[in-house]
Amino acid sequence: MSDTPKKLSTDAYKGVRDFFPVDMAVQRHIFNIWETTSKKYGYEEYGASVLEPADLYRAKTGEEIINEQTYSFIDRGDREVTLRPEMTPTLARMVAARKRELTFPLRWYSIPNLFRYEQPQRGRVREHWQLNVDIFGVESLAAEIEVISMAYDITRAYGLKDTDFEIRLNSRRLMHYVTADVFNLDEHQSHTISKLIDKKDKVKADWFEAAAMEILGDNTPKFLTLLNSKNFEEFTTNLPQTAEEHKGLSEVRQVIAGLEKLGITNTRFDQTLMRGFDYYTGIVFEVFDLNPANRRAVLGGGRYDDLLSLFGNEKVTAVGFGAGDVTARDLMETYNALPAAPSSADIMICVVGEHNIPYALDVAQKIREKGQRIAVDLSIKKLGDQISHANKRGIPKIIVIGDEEVSTGKLKTKDLKTGEEQELIG
RNA sequence: GUGCCUAUGGUGUAAUGGUUAGCACUCGGCUCUGUGAAAGCCGCAGCAUGGGUUCGAAUCCCAUUAGGCACCCCA
């Protein structure tokens with residue numbers, strides 16, 4: 001320590017947020033949407049520690065890159081520990097651990113905070129909260145339809161209309177068929193081209209074409225035609241005849257039809273939608289905001305049938321998605337759908353004279369027993385100041401307690417909006 | 001990790017290289033010691049840090065630090 005002590009900064013650590021009451025109100029609102037939707041569909045809540053052994057994430061990707069984007073450290077017992085960057089591996093670990101005891105289908109949700117070590121920028125921070133919804137043990141497309149329907153409900157609850165967003169769908173199975181069977185690529189090439197497809201809308205057309213050429217050669221024009229198909233029908237006709245009965249095509253068709261039966265019609269097949277994770281095996285989807293100010297995915301997920309094999313278990317089929325709080329908040333801001341801050345109490349007791357505080361506390365306690373939220377102003381300021389303080393906090397009613405009230409035992413509530421006074425009974 | 005931009009009271013902002021660094025909100029006090037939403041008055045509090053140019057720097061230059069945005073990467 002130097003002799004000129006440096007003041008501590010009041011800033012939060014880079015990339016993480018403080019939640020002041022006004023922010024917490026928004027966060028609560030988002031969590032409530034997530035929770036009520038999950039519960040409405042019969043999902044059970046689970047949770048886990050933010051700490052996981054680093055191996056859990058290494059096993060999944062087999063790449064060192066993951067390490068550079070996680071918070072990892074060595075504990076005192078020489079174990080390598082990571083702050084979870086996503087919830088799915090933890091979930092897979094938990095389900096695998098109790099696979100024999102659990103009754104499938106399993107419907108689980110959680111709202112974990114997740115960490116990643118990255119440069120913060122708009123929509124991306126180092127700690128965020130994410131709803132994770134997963135259904136295990138349902139092989140049929142009913143699982144996809146249910147989960148996408150939840151995603152739809154959540155997006156509507158954010159305050160968006162059907163015309164504000166669309167649900168983009170694709171099938172990993174279909175795309176694998178395209179790369180492996182239609183274009184005869186090996187696994188490695190398929191993987192590379194998949195990553196490329198994912199980038200299509202972000203890079204220049206000629207750059208994309210050149211990159212595709214390196215892998216596909218003469219087939220590139222055919223490939224580009226396919227990727228540029230305007231809709232599902234056109235995409236289908238650009239495929240060989242034999243593709244018609246391929247499962248990848250029919251599953252896209254069925255999910256779209258299934259959602260339509262539920263009244264969800266703003267779906268769109270998108271052959272360029274891949275999603276980052278390698279573990280997806282079937283349908284993948286994203287809710288995409290069409291507002292020109294945003295134009296980005298607000299949530300996404302898909303089917304991953306093989307993840308539990310990491311733990312040596314036999315297959316358990318799974319479909320799930322994740323939705324982040326940062327995008328939800330940004331979305332509500334652009335759509336002007338942020339909730340009004342709730343008041344902290346129904347009634348404030350203003351106390352005139354310090355000696356009357358014990359009496360006021362007693363009154364407050366009795367009213368609380370009836371289920372009202374009540375706070376006592378302990379400031380001993382002038383009455384006018386106390387009232388104006390209650391008003392500023394959005395507390396709708398006050399009770400004044402001073403010598404007069406204590407001696408008569410008669411209390412009145414006053415409505416700060418209307419000015420009306422009412423005798424308090426009991 | 002790379003590039004671009006930014007940095008003035010707690011917050012939001014103003015100031016042709018020369019002002020006592022201005023304004024609004026917030027906060028504290030008063031007009032007004034048992035009834036608030038108004039108005040007015042008073043007060044607290046600031047040029048991110050370190051160098052340089054200059055008679056003179058909030059202002060120009062450099063570095064550092066911090067933040068934002070974009071790239072990279074992508075839960």
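First the proteins, then the strands, lettered A, B, ... as listed; each starts at 1. Remember, predicted model here, so these are calculated numbers, not experimental data.
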Practice prompt. Please confirm whether any donor atom in the side chain of A:Lys382 sits under 3.5 Å from an acceptor in the base of B:U33, or the reverse.
Written response: no
Which nucleotide, in any strand shown, forms a Watson-Crick or G-U wobble pair with [N], with both distances under 3.5 Å?
N: B:C72; value: none
N: B:G56; value: none
N: B:U16; value: none
N: B:U31; value: B:A39
N: B:A45; value: none
N: B:G67; value: B:C5
N: B:C25; value: B:G10

Item to complete: State whether A:Tyr117 and A:Arg126 meet the cation-pi test: NZ (Lys) or CZ (Arg) under 6.0 Å from the six-membered ring centroid, and within 45° of the perpendicular axis.
Response: yes
Discussion item. Distance to the ring centre below 6.0 angstrom and angle to the axis at most 45 degrees; does that hold for A:Arg172 and A:Tyr280?
Written reply: no
Is [X] touching bases, backbone alone, or none of the nucleic acid, heavy atoms closer than 4.0 Å?
X: A:Arg122; result: sugar-phosphate
X: A:Glu405; result: base
X: A:Lys412; result: nothing
X: A:His128; result: base
X: A:Arg124; result: base
X: A:Asp403; result: base

Discussion item. Listing request: all ring-ring contact (aromatic ring centres under 6.0 Å, His included) pairs with a residue in residues 147-168 of chain A, at least two apart in sequence or in separate chains.
Written reply: A:Tyr152-A:Phe165
Worksheet item: Between B:A21 and B:C73, how far is it from one C1' atom to the other, in whole Å?
Response: 45 Å
Discussion item. Between B:U65 and B:A38, how far apart are the two P atoms, rounded to whole Å?
Written reply: 47 Å
Practice prompt. Quick one: sort the A:Tyr41 and A:Tyr43 rings into parallel, tilted or perpendicular, breaks at 30° and 60°.
Written response: perpendicular
Practice prompt. Indicate yes or no: does A:Asp325 engage A:Arg17 in a salt bridge with an N to O separation below 4.0 Å.
Written response: yes
Worksheet item: Can you tell me how far C1' of B:G36 sits from CD of A:Glu420, to the nearest Å?
Response: 16 Å
